[in-house]
**Q** 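This is the structure, below, for whatever I ask next.
We count ligands from 1, going down the list as the structure has it; atoms in each ligand are counted the same way. Atoms considered below: every heavy atom in the structure, side chains included; atoms not considered: hydrogens, waters and symmetry mates.
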Amino acid sequence: MSQLAAVPATRTLGGSGIAVSPIAWGMWRLAEDGRSAADAAKLVHAALDAGITLLDTADIYGFDGAGGFGDAEALLGEVLAAEPGLRGRMVLATKGGIMPPLPYDQSSEYLNAAIDASLKRLKTDVIDLWQIHRPDILAHPQEVARTLDAAVAAGKIRTLGVSNFTTAQVAALNHFLGHKLVATQPEISPLRIDCFENGELDQAMQLGLTPLAWSPLGGGRLATPAGDRALQVAAALDVVAEQAGVPRSVAAYSWLMAHPAGIIPIIGSQNAQRIAEGAAALTVRWTREDWYAVLVAARGERLP
Ligand code: NAP
């Protein structure tokens, strides 16, 4: 059985030259349950100590439908203020462009204010990767590009990315940008396989964008699968998990990492042990047969 290529110990964020770990840690759920800065620091340490250097947050993380906008960034900012040495150990990614109660806002005025507010909350003078969280249909990509290029030129942002963009939206924005995109962040998991065939990953490879996979366990549904399809996917992942001696979650991350686009799954767990064990995903090797068995289970039908 032919084995797929091993995952490298580091990947480069698009064409930026910035090295990152092949798996990331996300802080969507960091500010939940009134977590203290000391407890948040333990999670940051768990990720960094396991060799996970790409850390992903967003200005809206912490928003619970009424309040909490900015809370996850602010909590990380507290961690960084208490232990300034941590900042240099991480590649810090955040996002903006969703402003409740407005759906999305990528006007120049809004983006400039959002980037400044993120810098202030994170207590840092530069964001390594700044991503547009969701596309604003009312913003012209040329205008968005002008704003973002200016933020890079001002030294507030090192590199640019997008999330939840269609391929056409990626192409339009990238066309106008002087500082080209380095990353795209779609939802990808063994339960969400659209991007394998809808052109998103092909475009990422063509443009040299690093794909960051959000909700790589389907928001945790892979841990407690319900329904025929999820159960079949879990069973196919378990075959490799058992062979490799890793939990199913780790097999799921490694399944994504085996894709030639160099997908970086963003671990969503806020449990120090699970974050650390996620790093083992780079040791898991897939055969073509086992990889396609998961895909077929995810499709719910045989390949043509
Ligand atoms: P996920 O990995 O799909 O789900 C994580 C959830 O699964 C956590 O609540 C975790 O709980 C639970 N879980 C249960 N068993 C687990 C196990 N064995 N191992 C690991 N987790 C287990 O990821 P996600 O949190 O939905 O998303 C990950 C990251 O993607 C976010 O932090 C964020 O950075 C990014 N994201 C981006 C967008 C976007 O629009 N760009 C949207 C959503 C997420 P415990 O904490 O108790 O382990």
**Q** Would E301 and R229 count as a salt bridge (Lys or Arg N to Asp or Glu O under 4.0 Å) if you check the C-alpha gap in whole Å, the side-chain angles of each, and the deciding distance to 0.1 Å?
**A** CA-CA 10 Å; E301 59 183 13; R229 181 171 157 262; over 6 Å; no
**Q** Roughly how far, to the nearest 0.5 Å, is OG1 of T94 from NE2 of H133?
**A** 9.0 Å
**Q** Is the closest side-chain donor-acceptor distance between E200 and N198 under 3.5 Å?
**A** yes
**Q** Please output the residues near ligand 1 using a strict heavy-atom distance under 4.0 Å, listed in chain and residue-number order.
**A** G26, M27, W28, R29, D56, Y61, K95, H133, S163, N164, Q185, W214, S215, P216, L217, G218, G219, G220, A223, S249, Y253, I266, G268, S269, Q270, N271, R274
**Q** With the threshold set at 4.0 Å, does a side-chain nitrogen-carboxylate oxygen contact exist between D125 and K156?
**A** no
**Q** Is S215 reaching over with its side chain to a backbone N or O of L217, donor-acceptor style, under 3.5 angstrom?
**A** no
**Q** F196 and W255: aromatic ring centres closer than 6.0 Å?
**A** yes
